[in-house]
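Worksheet: one structure, shown below.
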Amino acid sequence: MKLGEIELYPVSDGHFWLDGGSMFGVVPKVLWNKLTPADQKNRIRLALTCLFIKTKEKNVLVDTGIGEKFDSKLKEVYRMERAEDLLSSLAHLGVQPQDIDIVINTHLHFDHCGGNTLEENGKYVPVFPEAKYVIQEKEWYAALNTDEKTKSSYRRSDFIPLEETGQLALVDGEYEIAPGVRVLATDGHTLGHQSVLIMSNAQHALYLGDLIPTTYHLKIPYMTGYDQYPVDLIKRKKEIIKRAVENHWLLVFEHDPNITFAYLTEKDGKRTLKPIETKDI
Ligand SMILES: [Zn+2]
């Protein structure tokens, strides 16, 4: 799991199921259902794969999954599968919450930052006591100023406590978070969405977040109903796919239930996805 001198570990916060129609926007069910069959309630299974990055200097965690804060009714709505969870996945690697120096949230939708905080004596507190939480300034603004469409995607208890404890670190655009770990503004899904580019010894990996949540979404028109700025998303997706192909970036898919790591290659104008077993990296 080495990328040059940096170690990458996928860490799972379990799985959940979202409405297939919402996940594929204008794509008809007759097409997407062949790729990923829906359950009786029309939901498809999605992974909650976060990424633990170990550099020489820092322990970085990208996204924190869905967390434990939903009541039993919403756990059923989202058919949450919690056989694995973020903290026990980290513990398997010998990593305790206090060992994390930096948390990066790709954006503040509840399935990406649900594990930022937990309830303790009736109060929400950060799960990672020593960490700075890196969030794009525009995303913070969008999360605090929701409208009728975006309201149900944000839970204030996931991020407000970070400001109260002084752990919030807002950035604007591209930024080097730690040597070899850089955030890129990849807006479109939300106003302040960011992806994470990891670089070491001329090798690159990109954690996509919801820019391209599963391998099915590599096709340009395959977008979700949650995407706030679809026209911007198309632009970003094309740009990132081009850079990934040209520069041989290892792609990391957060929600794909089957493929976490893959390369995308292009020959004679035809693109091929090459999934990678983690032990092969
Ligand atoms: Zn998501």
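Ligands are counted one by one from 1 in listed order, and the atoms in each one are counted from 1 as well.
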Walk me through whether His255 and Asp210 qualify under side-chain hydrogen bond (donor to acceptor under 3.5 Å, both in side chains).
CA-CA 8 Å; His255 286 316; Asp210 275 349; 3.2 Å; yes

Excluding sequence neighbours, so at least two apart, what forms ring-ring contact (aromatic ring centres under 6.0 Å, His included) with His92?
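His92 satisfies ring-ring contact (aromatic ring centres under 6.0 Å, His included) with no other residue.
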
Restricting to ring-ring contact (aromatic ring centres under 6.0 Å, His included), what partner residues turn up for Tyr216, sequence neighbours left out?
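ring-ring contact (aromatic ring centres under 6.0 Å, His included) check on Tyr216 returns nothing, list empty.
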
Relative to Phe70, does Arg155 satisfy both conditions: NZ or CZ under 6.0 angstrom from the six-membered ring centre, and within 45 degrees of the ring's axis?
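Flagged: Arg155 positioned over aromatic ring of Phe70.
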
When you compare the side chains of His189 and His109, does any donor N or O come within less than 3.5 Å of an acceptor on the partner?
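Indeed, the side chains of His189 and His109 share at least one donor-acceptor pair under 3.5 Å.
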
Under 2.8 Å from the Zn ion (ligand 1), how many protein N/O/S atoms can be counted?
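Considering protein N, O and S only, the Zn ion (ligand 1) has 4 within range.
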
Checking Lys242 now: which residues fulfil side chain to side chain donor-acceptor pair (under 3.5 Å) with it, not counting sequence neighbours?
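So Lys242 forms a side chain to side chain donor-acceptor pair (under 3.5 Å) with Glu246.
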
